[in-house]
Each structure stands twice: as structure tokens, then as C-alpha cells.
A.B. asks: 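The structure under discussion is supplied below as C-alpha cells; questions concerning it will follow.
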Number of protein chains: 2
Amino acid sequence: MLSKKTKYGLKALTFIVNSAGDNPVQVSAIAKNEQIPQKFLESILLTLRKAGVLGSKKGKHGGYYLRQDPADILMTEVMRVLEGPIAMVPCVSLNYYEKCDDCVDEDTCSVHKLMIQVRDSALNVFRNTTLADLAVKKTENIVK
Amino acid sequence: MLSKKTKYGLKALTFIVNSAGDNPVQVSAIAKNEQIPQKFLESILLTLRKAGVLGSKKGKHGGYYLRQDPADILMTEVMRVLEGPIAMVPCVSLNYYEKCDDCVDEDTCSVHKLMIQVRDSALNVFRNTTLADLAVKKTENIVK
DNA sequence: TATTAATCCTATCAATTTAATAGGAATTAC
DNA sequence: GTAATTCCTATTAAATTGATAGGATTAATA
């Protein structure tokens, strides 16, 4: 299952893209519009900022903003920050590899083989989707 | 993350395929060879039996066996039984659809769009992989 | 410079899920 | 009838998730 953290995070990022002014977007505005508990959202945006996806400005008229063009922000990065490894098992993770304690031989493990395929198919989606793609509205989508 | 339940279940099914005799395979044998807690494994195999993937024979010389040719058992079925819905969010699930309470319009939801792609890519793997594929050993794999 | 509005930080909590264990009932082979 | 096996229900410990609480810090501006 996708965690609420990730779901909220993706919605928040999309909202920021679509609030396209030069001013930072406030947590309260996002929370209200996307129906997200504000305090929870605060912690999520903080995570995204620490990961370098978002920048922030403190104090009055502060808020969050993107640090790159949305077309340059890949879902691989966003998903890893919010949801953790893309692989479903550590033994097929590119960025967080760990050997299974129970598995004698990775090369003959049936789970390993299957999970590599699942990982690659997910990677294929995330590598080819940017935040800009997510933020495209439906009408724009149709026009394309 | 893949649950241990699913991991153990996949390993157990593979083990049964590779124990290819006509006799049912005992839980104790699987548990021992695959390093799975026996009581936990019992409950997993019971689930697979109730779902129709495995058959069982009680009493002395009893055990579990496949009800179909491994080449006819798709990962879509196995994964749904063990891990639950393939979709990461209920609102894109083919078999367990549920509307999000927070989401106003599915058609414009950025999460929805992305998760449909992820679901389809996973389905593509699971629909094209059978238990027989999982159970192929490495050497056989190379020979192909 | 005082006030207000925002992010930042740490801690805590309740609910849920997961992984595992326990104990025995039912069934079957021999 | 005994031994070996699956079947069933209940319980539990640990981990994770989702959310809340309270205040510290920072910056704009009146």
C-alpha cells in the first residue's frame, strides 16, 4: 500500500506546481485545499525540504517552493524520499541493498528473480515521469 | 515492502514445484529447507489452500500439493492471495476498488494517474510470470 | 521594536498491521 | 490404536503508521 505520507506528499507537490506564482506556498493553504491534516503535512514537507526537493522560507509570507523545474524532478527521487526504496525487498534494491538472512543463494531464489522484474517495471514508470507530468490537468491532457 | 507472508509463500510454492514427486509435501519439510517458522508457514499454506491454489491431504503421509500445472498458475493470482491487491491505492484497484474519501475528482488526481501506471506495470509482470517460471533453476535458465 | 505569521523541531500517542507462537481438534496411514 | 499430519482459533509482541501537541525560531512589517 501507498502510505498516506507519500500520497499527501505527491498531492502537495502537485499543488505547489499549480500555484505557480513566485511566492512560496504556505502549508496551511495546501492542507486546506488538499484535505490534509496540517501538522502531518508540515512534517512531510520538512522531509522533502531536507531531501533537497523543496526549499523553504521562514517567517511571515514564508512557505515552500520547488528548487528545480518540475520537469526535472523525477518520480524516482520523490518516491524514494517519501516512500523509501522502490524495490519490494532489500535484496533487489539499487540504493538500499541488503542481503536476506534466510536466503542461501540469491541467484537461485525465486522471490529474488520475480522482485527484480517488479522493481524494474516500477523504475521504468518512475524514471519516465516527472513532477511536471503529474501536475498536468486533465483538460491539458486531452488537448495533447 | 513485500511481507514475509508473501515471501515465505512464494518460496514454499517453488519448493513444492521442485519436489516434483506425486506425494504431497509436508509443511515440516518446507519449513526446514526454506528456513521458515513452521507454525507461521502452516497458516500461509492454509490460506493458499483456501484460495484454491494448493490442495492438501490430512493425516499421516499428508501434506500439500498443487492443484494445477505450475505453468498455469499466474503470479497475479498468487500475489493477490498472499499480498492482497496489486494496486498501491484502492482507487486504482481492479479487484478491490474503493473511492478515496479525500479525493474530489479521480480524473484530475495526480496520485491516481501515477498509480494507474504503476499498477499496470506490475500487472504486466505478474500476468506474464507463472509459478513454473519462478521454479526454474539458474542452470536451466542459462541453458535457455 | 513589538506583533504577527510562518517554518522548524522534538516528543508522544493511538491504532493498525505484521510476524510469530501456542495448544489442541480432526483426520488418516499403518 | 498410535503416530503423524493438517486444521482451526486465539493470543501476543514488535513494528509501523498516522496523527497530535507544544513550543522554538525566524522574518516581515506596522
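A quick note: this is a predicted structure, and the numbers were derived from the prediction, not measured. Numbers restart at 1 for each chain; the letters A, B, ... are given by sequence-line order, proteins then strands.
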A.B. asks: So which nucleotide from C/dA20, D/dA28, D/dG18 ends up closest to the side chain of A/Ser3?
C.D. replies: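 Comparing C/dA20, D/dA28, D/dG18 against the side chain of A/Ser3, the answer is D/dG18.
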A.B. asks: Hey, does the side chain of A/Arg49 come within less than 4.0 Å of C/dC8's phosphate (OP1/OP2), counting only N and O?
C.D. replies: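 Looking at the OP1 and OP2 atoms of C/dC8, one of them is under 4.0 Å from a side-chain N or O of A/Arg49.
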A.B. asks: OP1 or OP2 of D/dA4 sitting under 4.0 Å from any side-chain N/O of B/His61?
C.D. replies: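 It does not, given that no N or O in the side chain of B/His61 lies less than 4.0 Å from OP1 or OP2 of D/dA4.
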A.B. asks: Check the distance between C/dT17's P and B/Met1's CE and give it to me in whole angstrom.
C.D. replies: 17 Å
A.B. asks: Taking atom P of C/dT21 as reference, at what distance in whole Å does atom CD1 of B/Ile36 sit?
C.D. replies: 13 Å
A.B. asks: Report which part of the nucleic acid A/Lys39 touches: base, sugar-phosphate, or nothing (heavy-atom distance under 4.0 Å, all strands).
C.D. replies: base
A.B. asks: About how many Å separate NZ of A/Lys7 and CG of A/Leu2, when rounded to the nearest 0.5 Å?
C.D. replies: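 Nearest 0.5 Å value for the CG-NZ distance: 8.0 Å.
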A.B. asks: OP1, OP2 of C/dC8 versus side-chain N and O of A/Ser56: anything below 4.0 Å?
C.D. replies: yes
A.B. asks: How many Å lie between CD1 on A/Ile30 and P on C/dT7, as a whole number?
C.D. replies: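 Value for this atom pair: 8 Å.
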A.B. asks: Check this one for me: any side-chain N or O of B/Tyr64 less than 4.0 Å away from OP1 or OP2 of D/dT5?
C.D. replies: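 B/Tyr64 to D/dT5 OP1/OP2: no side-chain N or O under 4.0 Å.
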A.B. asks: Is any side-chain heavy atom of A/Gln26 closer than 4.5 Å to a side-chain heavy atom of A/Ile30?
C.D. replies: no
A.B. asks: Please compare A/Lys4 and B/Ser28 by the position of their nearest nucleotide in DNA chain D and report the one closer to 5'.
C.D. replies: B/Ser28
A.B. asks: To the nearest angstrom, how far is B/Phe40 atom CZ from D/dC8 atom P?
C.D. replies: 18 Å
A.B. asks: Just so I know, are the side chains of B/Leu10 and B/Met75 near enough to count as touching, which here means a heavy-atom distance under 4.5 Å?
C.D. replies: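 B/Leu10 vs B/Met75: side chains touch.
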A.B. asks: For the pair made of CD in A/Gln26 and P in C/dT7, what is the distance, rounded to whole Å?
C.D. replies: 6 Å
A.B. asks: Reckon B/Tyr8 has a side-chain N or O less than 4.0 Å from the OP1 or OP2 of C/dA20?
C.D. replies: yes
A.B. asks: Going by heavy atoms in the side chains, are B/Leu48 and B/Leu82 under 4.5 Å from each other?
C.D. replies: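 Yes, side chains in contact.
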A.B. asks: Quick one: which of C/dA19, D/dA28, D/dC7 gets closest to the side chain of B/Lys58?
C.D. replies: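 Selected nucleotide (nearest to the side chain): D/dC7.
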A.B. asks: Once you apply a heavy-atom cut-off of 4.0 Å, does A/Lys50 come out as touching a base, just sugar-phosphate, or nothing?
C.D. replies: sugar-phosphate
A.B. asks: How long is the line joining CD of B/Glu42 and C1' of C/dA25, in whole Å?
C.D. replies: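 So the CD-C1' distance, B/Glu42 to C/dA25, works out to 12 Å.
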A.B. asks: Of A/Val25, A/Val53, A/Leu46, A/Leu13, which is the lone residue that meets side chain to side chain contact (heavy atoms under 4.5 Å, CB included) with A/Tyr64?
C.D. replies: A/Leu46
